[in-house]
Amino acid sequence: MTATHDSPTAAGSGDSATKAFRASRGSASAGPTVSQERVSEVVTDLLAGIHSTIRSKKVTYDEFQAAKQYLIDVGEGGEWPLFLDVFVEHVVEDVAAEAQDGTKGSILGPYYLPGQVRIDTPATLPKRPDEQGTALLFAGQVRDTAGNPLPGAELDIWQADDEGYYSGFAPHLPDGNLRGVVVADAEGKFEIHTIEPAAYQIPTDGPTGALIEAAGWHPWRPAHLHLMVRAPEHRTITTQLYFRGGEWLDSDVASATKSELILDPVDNGDGTHSVTYDFTLEPA
């Protein structure tokens with residue numbers, strides 16, 4: 001990120017991410033009921049892994065107390081969505097992908113906001129009049145696993161701006177900036193006019209950043225477009241598309257990049273770029 005604006009604080013971003021997550025989950029009773037047997041099975045293995053690490057690494061009481069304080073700080077800072085999305089979600093997504101066909105998925109991340117404006121294709125994402133960045137045309141088609149087009153498929157898209165900021169999580173950006181739900185045409189085709197997003201670092205002034213610094217890791221994510229692609233009677237795909245040649249592709253802090261999700265930008269010769277990508281949705 002550049003220094004043009006004050007960076008959003010980890011606390012502010014964490015609070016926004018927590019509110020967005022709770023809103024997306026609805027009431028506390030939403031979702032399937034998990035049996036006692038399943039809770040016992042998963043939690044027992046999770047605790048066994050922690051116990052094994054403590055024994056094998058000879059964790060001291062001082063380190064244990066520091067870890068306890070750290071977990072408290074993550075909660076009080078509202079950073080559990082950020083922490084879990086960066087360090088854990090990619091493995092959950094990998095497990096889910098084992099039983100899925102169609103386009104490869106990737107992590108949702110903490111910056112999704114539902115209820116964005118619907119725009120028919122060809123679409124231009126909402127942006128500021130002076131929006132900076134290289135103009136990008138993103139086009140493709142949505143089909144089912146048999147190759148049939150899915151008319152009216154929806155592409156819920158969100159992205160960072162040219163400085164790596166997301167609307168809804170950076171105070172200087174208008175609500176809905178570079179976000180929208182694009183509706184494909186009768187052949188499942190879409191054209192989206194936007195700008196190329198920047199690579200960005202996750203907020204580092206909170207406990208998640210403190211862990212990254214303490215471990216000597218870097219906090220960067222490669223530039224990417226976020227998408228949820230959906231159509232009636234088909235499984236929704238949540239994914240991210242990256243840009244070949246971009247920084248941090250091989251060392252994404254969230255470990256979310258996949259070779260199948262890397263775009264090949266074409267220079268149109270007029271200062272703009274184009275990319276194409278087709279999506280395949282499996283039956284629900």
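- With respect to Arg179 and Asp156, no salt bridge is recorded, no charged nitrogen being found less than 4.0 Å from a carboxylate O.
- Ring pair His273/Phe138: centre-to-centre distance not below 6.0 Å.
- To the nearest 0.5 angstrom, Ser274 atom OG is 12.5 Å from Asp264 atom CG.
- Residues Asp144 and His234 meet the side-chain proximity criterion, which asks for heavy atoms closer than 4.5 Å.
- If you take CG on Asn268 and OG1 on Thr134, they are separated by 11.0 Å, rounding to the nearest 0.5 Å.
- With a 4.5 Å cut-off on side-chain heavy atoms, Ile119 and Val181 do not count as touching.
- Aromatic pair His226/Tyr166: centroids less than 6.0 angstrom apart.
- Here the side chains of Trp220 and Ile212 are not in contact, with every heavy-atom distance at 4.5 Å or above.
- Taken to the nearest 0.5 Å, the OG1 atom of Thr121 stands 6.0 Å off from the CG atom of Asp185.
- Taking each heavy atom of Arg143 and Asp278 in turn, the nearest pair found is NH1-OD2, 3.4 Å.
- Using a cut-off of 4.0 Å between Lys/Arg side-chain N and Asp/Glu carboxylate O, Lys258 and Glu260 are scored as not salt-bridged.
- Within a 6.0 Å sphere centred on CG of Asp175, heavy atoms belonging to other residues, nucleotides or ligands number 12 at most.
- Of all non-hydrogen atoms in Pro197 and Ala223, the two that sit nearest each other are O-CB, 3.4 Å.
- With a 4.5 Å cut-off on side-chain heavy atoms, Arg55 and His51 count as touching.
- Side chain of Asn177 to backbone of Arg128: a donor-acceptor contact under 3.5 angstrom is found.
- Contact check for Ile202 versus Thr208: side-chain heavy atoms found under the 4.5 Å cut-off.
- A donor and an acceptor atom, one from each side chain of Thr194 and Gln159, are located under 3.5 Å apart.
- At distances below 3.5 Å, not a single donor-acceptor pair connects side-chain atoms of Asp85 with backbone N or O atoms of Glu89.
- Atoms CG and CD1, from Leu47 and Ile54 in turn, are 9.5 Å apart once rounded to the nearest 0.5 Å.
- Environment of CD in Glu233: sparse, with no more than 12 heavy atoms of neighbouring residues, nucleotides or ligands closer than 6.0 Å.
- Of all non-hydrogen atoms in Thr60 and Glu63, the two that sit nearest each other are N-OE1, 2.9 Å.
- With a 4.5 Å cut-off on side-chain heavy atoms, Leu178 and Ser167 do not count as touching.
- Ring to ring, Phe169 and Tyr165 are not that close: their centroids are 6.0 angstrom or more apart.
- Linking ILVMFWY residues whenever their side-chain heavy atoms come closer than 4.5 Å, directly or via other members, leaves Trp248 and Ile262 in distinct clusters.
- Looking at Pro203 and Asp205, their side chains come closer than 4.5 Å, going by heavy atoms from C-beta outward.
- Ring-plane geometry between His224 and Tyr200 is classed as tilted, the angle between the planes lying from 30 to 60 degrees on a 0 to 90 degree scale.
- A chain of hydrophobic side-chain contacts below 4.5 Å, direct or via other Ile, Leu, Val, Met, Phe, Trp or Tyr residues, connects Leu281 to Ile157.
- Ring orientation note: the planes of Tyr112 and Trp158 are tilted relative to one another, at an angle of 30° to 60°.
- The two atoms that bring Ala254 and Arg221 nearest to each other are CB-NE, 3.5 Å, heavy atoms only.
- Connection of Val275 to Val266 is not established within any shared hydrophobic cluster, with ILVMFWY side chains joined at heavy-atom distances below 4.5 Å, either directly or through further cluster members.
- The two residues Phe279 and Thr103 come nearest to each other via the heavy atoms CA-OG1, 3.3 Å.
- Within a 6.0 Å radius of CD in Gln100, more than 12 heavy atoms belonging to other residues, nucleotides or ligands are found.
- When side chains are defined from C-beta on, Ile237 does not count as touching Lys104, because their heavy atoms never get closer than 4.5 Å.
- By the neighbour-count criterion of 12 heavy atoms within 6.0 Å, atom CG of Asn148 is densely surrounded, having more than that number from other residues, nucleotides or ligands.
- Across all non-hydrogen atoms, the minimal contact from Thr236 to Met228 is CG2-CB, 4.3 Å.
- In summary, Glu154 and Arg118 engage in a salt bridge, as defined by a charged side-chain N under 4.0 Å from a carboxylate O.
- Grouping the Ile, Leu, Val, Met, Phe, Trp and Tyr side chains by contacts below 4.5 angstrom, directly or via other members, places Leu261 apart from Val253.
- Ile195 and Val117 fall into different hydrophobic clusters, where Ile, Leu, Val, Met, Phe, Trp and Tyr are joined by side-chain heavy atoms under 4.5 Å apart, directly or via other members.
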**Message:** salt bridge (Lys or Arg N to Asp or Glu O under 4.0 Å) for Arg235 and Asp101? Distances and angles first, verdict last.
**Reply:** CA-CA 9 Å; Arg235 181 180 66 82; Asp101 294 320; over 6 Å; no

